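Throughout, protein chains are lettered first and strands after them, A, B, ... in sequence-line order, and every chain is numbered starting at 1. Computed from a prediction, not measured in an experiment: that's the story for all the values here.
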2 protein chains.
Amino acid sequence: MSVSKENFIKTIYKLQQGVGQNTRPGTIAAALGISNAAATDMARKLAARGLINYVKYQPVTLTESGRLMALDVLRKHRLWEAFLFEVFGLSMHEIHREAELLEHQTSVFLAEKIDAFLNNPTTDPHGDPIPATDGSVVFSNKNLILSEAPAGATYYVSRLAGSEEEFFDFCRDNKIAIGAQLTVGNRYNAGQTTEIVIEDTKLLLNTDFTNLIYVKQNQ
Amino acid sequence: MSVSKENFIKTIYKLQQGVGQNTRPGTIAAALGISNAAATDMARKLAARGLINYVKYQPVTLTESGRLMALDVLRKHRLWEAFLFEVFGLSMHEIHREAELLEHQTSVFLAEKIDAFLNNPTTDPHGDPIPATDGSVVFSNKNLILSEAPAGATYYVSRLAGSEEEFFDFCRDNKIAIGAQLTVGNRYNAGQTTEIVIEDTKLLLNTDFTNLIYVKQNQ
DNA sequence: CCTTATTATTAAGTATGCTTAAAAATAGAA
DNA sequence: TTCTATTTTTAAGCATACTTAATAATAAGG
């Protein structure tokens, strides 16, 4: 499997998980920074290999073996993130950037070594679940997405699901970190804008960010 | 720079260092497991980029920038080897196999982190020197190649310059490890075969292996 | 020195993963 | 529902990194 194919499959998986996103060729193309034509082309190739279900003009979906492949790459990505964070103390953005490259050149053998070294972690430093070798993923059912978390309550940040440096910079500058306490205030603009209070500071966030931040009731 | 180009440049560098080897297209092709035609093709492309000197029907040589690129890849390779050996306790063959993949996806940023974590090592677990960021390499002038080491004397193994699993298996099975003591005995077959004594066991090695083993007088 | 064997090069062809441009299908708005 | 805008697909083309087959040059042996 090539890097391009692994990233294509991984992108489909992540779009399927994401809120308010679809897996149409154009969406995948935009996420990967390639042309729509290239995405259509790749969709046909991966369908021929039995990794995705592809019907012309329809959103693509992963087959079971495609899903397993996505999870294999994601497992390696998140193990590297946890490792680079733990051992070298890299930032949230740095671990993502480096893991994005290393994930494709990591043998199952090495992934197991990293996993054992870290004592089989269940989440990476972003709070993303680390899939097991058999493809099982445990999503915390306590996690609420900030864009839909009931107002008035106080929560702890449990997951920062972004990947862009801009997002992590914003989080850092505004004390939004895993474990940080925040209160959800009013919603404006038909729920597109959420008011939060964090360390006595009021912030207005739109869905670009509230769809990437997860919270839970207890720390 | 692509993986293919990095490996081509790296192979030229290693062939230049090796004993009884040349850097003709066919030799490079054999080392990389590609056809002679592909090697000629790549030679032309890299010459166009100013990384190698290529004249038809002549052995190729690295330019200064080609040499720096080879050393950059080699630095990352050997830092990974040292790291995987130290942190995960992988074998001599395993560290090589994994580093062979990781070396091409390692940023200078990450290489520096690994280097600092290991306290700026000067050699990897095989005894190979780790090039510095500026491209300087310190070869121990005390190292003697076993195929040319004067007979009758006792030495310590200082470097195992192979990469094949077969070579490392042989070394392990015969107690040839970095720091091990050995005595050079008679030479036969016009110097092609060297008798050594290691832990009271006599061994006959040919140049396939004695060109890959380095020794020195003091531990 | 000449013949032969080896090696290197060129030429033609293939798969991958992209691109842009044009055509076809779908989705959205009036 | 119809028109238009958007999206998807197809088509043609390109660069990379290989292949095999044929040709050319070099190296080696007698």
Side-chain angles (χ1 to χ4, degrees), chain A residues 1-13 15-16 18 20-62 65-66 69-70 73 100-101 103-105 190, chain B residues 1-13 15-16 18 20-62 65-66 69-70 73 100-101 103-105 190:
Chain A
M1 281 291 293
S2 66
V3 171
S4 295
K5 289 192 177 68
E6 286 185 353
N7 280 334
F8 197 89
I9 295 280
K10 189 180 68 166
T11 298
I12 295 168
Y13 181 88
L15 288 173
Q16 276 177 342
Q21 292 183 297
N22 62 64
T23 54
R24 295 171 58 184
T27 309
I28 300 167
L32 290 168
I34 61 177
S35 67
N36 286 8
T40 298
D41 205 51
M42 184 61 91
R44 265 196 299 99
K45 282 181 194 163
L46 293 177
R49 293 194 186 207
L51 295 167
I52 68 173
N53 304 115
Y54 171 60
V55 179
K56 274 192 201 178
Y57 298 103
Q58 305 243 130
V60 304
T61 56
L62 294 176
S65 65
M69 173 157 300
V73 177
E100 202 67 19
L101 297 175
E103 64 185 6
H104 305 293
Q105 306 301 333
Chain B
M1 279 291 293
S2 66
V3 171
S4 294
K5 289 191 178 69
E6 286 185 354
N7 279 335
F8 197 89
I9 294 280
K10 188 180 69 166
T11 298
I12 294 169
Y13 181 88
L15 288 172
Q16 276 178 341
Q21 292 182 299
N22 62 63
T23 54
R24 296 171 57 184
T27 309
I28 300 167
L32 289 168
I34 61 177
S35 67
N36 286 8
T40 298
D41 207 49
M42 184 62 90
R44 262 195 300 101
K45 283 182 194 162
L46 292 177
R49 293 196 186 208
L51 294 166
I52 68 173
N53 304 114
Y54 171 60
V55 178
K56 275 192 199 179
Y57 298 104
Q58 305 246 127
V60 303
T61 55
L62 294 176
S65 65
M69 171 156 302
V73 177
E100 202 67 19
L101 297 174
E103 64 185 6
H104 305 291
Q105 306 302 332

Q: Mind listing the closest non-hydrogen atom pair of Leu62(A) and Gln16(A) along with its distance?
A: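 For Leu62(A) versus Gln16(A), the nearest heavy atoms are N-NE2, 3.7 Å.
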Q: 5'-most contact on DNA chain C: Lys56(A) or Asn36(B), nearest heavy atom basis?
A: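 This one resolves to Asn36(B).
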Q: Which one, dT20(C), dA25(D), dT19(D), comes nearest to the side chain of Ala37(B)?
A: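 Selected nucleotide: dT19(D).
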Q: Whole-Å distance between dT16(C) P and Ile34(A) CD1?
A: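 Rounded to whole Å, this separation is 15 Å.
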Q: Can you name the nearest heavy-atom pair linking Ala70(B) to Lys10(B), along with the distance?
A: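 Heavy atoms of Ala70(B) and Lys10(B) come nearest at CB-CA, 4.4 Å.
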Q: Expressed in angstrom and rounded to an integer, what is the separation of Ile28(A) atom CD1 from dT8(D) atom P?
A: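 One finds 9 Å between P of dT8(D) and CD1 of Ile28(A), rounded.
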Q: Let's see if you can work this out: which of dA17(D), dT19(C), dT9(D) has an atom nearest to the side-chain heavy atoms of Ser35(A)?
A: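 Nearest listed nucleotide: dT19(C).
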Q: Please give, in whole Å, the distance from dC18(D) C1' to Leu46(B) CG?
A: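 It works out to 14 Å between those atoms.
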Q: Picking from dT9(C), dC18(C), dT9(D), which would you name as closest to the side chain of Ala38(A)?
A: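 In terms of side-chain proximity for Ala38(A), the closest of dT9(C), dC18(C), dT9(D) is dC18(C).
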Q: What integer distance in Å separates Arg44(A):CZ from dA11(D):C1'?
A: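 From Arg44(A) CZ to dA11(D) C1': 11 Å.
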Q: dT7(D) C1' sits how many Å from Gln58(A) CD, rounded?
A: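 Going from Gln58(A) (CD) to dT7(D) (C1'), I get 14 Å.
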Q: Report yes if a side-chain nitrogen or oxygen of Arg24(A) is closer than 4.0 Å to either non-bridging phosphate oxygen (OP1 or OP2) of dT8(D); otherwise report no.
A: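 Affirmative; the distance criterion is met.
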Q: When you check the phosphate oxygens OP1 and OP2 of dT10(C), does a side-chain N or O of Tyr57(B) lie under 4.0 Å from one of them?
A: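 No, outside the criterion.
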Q: What's the shortest heavy-atom distance between Thr23(B) and Val60(B), and which atoms?
A: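 For Thr23(B) versus Val60(B), the nearest heavy atoms are OG1-O, 2.6 Å.
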Q: Given atom CG of Leu32(B) and atom P of dT16(D), what is their separation to the nearest angstrom?
A: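 Nearest whole value for this atom pair: 18 Å.
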Q: Measure across Ala39(B) and Pro25(B) and return the closest heavy-atom pair with its distance rounded to 0.1 Å.
A: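 Answer, listing the atom of Ala39(B) first, then Pro25(B): CB-O, 3.5 Å.
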Q: How is Ala39(A) classified with respect to the nucleic acid when contacts are heavy atoms under 4.0 Å: base, sugar-phosphate, or nothing?
A: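 If one applies the 4.0 Å heavy-atom cut-off, Ala39(A) turns out to touch nothing in the nucleic acid.
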Q: Considering only dT16(D), dT9(D), dT16(C), which nucleotide approaches the side chain of Arg49(B) most closely?
A: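 Ranking dT16(D), dT9(D), dT16(C) by closest atom to the Arg49(B) side chain puts dT16(D) first.
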Q: Heavy-atom distance under 4.5 Å between the side chains of Leu32(B) and Phe8(B), does that happen here?
A: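 Result yes, sub-4.5 Å side-chain heavy-atom pair found.
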Q: Reckon Phe8(B) touches a base, only the sugar-phosphate, or nothing at all at heavy-atom distances under 4.0 Å?
A: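 Touches nothing.
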Q: Checking all strands, does Ser4(B) fall into the base, sugar-phosphate, or nothing category for heavy-atom contacts under 4.0 angstrom?
A: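 Ser4(B): backbone/sugar contact only, no base atoms under 4.0 Å.
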Q: Let's see if you can work this out: which of dG17(C), dT9(C), dA17(D) has an atom nearest to the side-chain heavy atoms of Met42(A)?
A: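 Shortest atom-to-atom distance from the side chain points to dG17(C).
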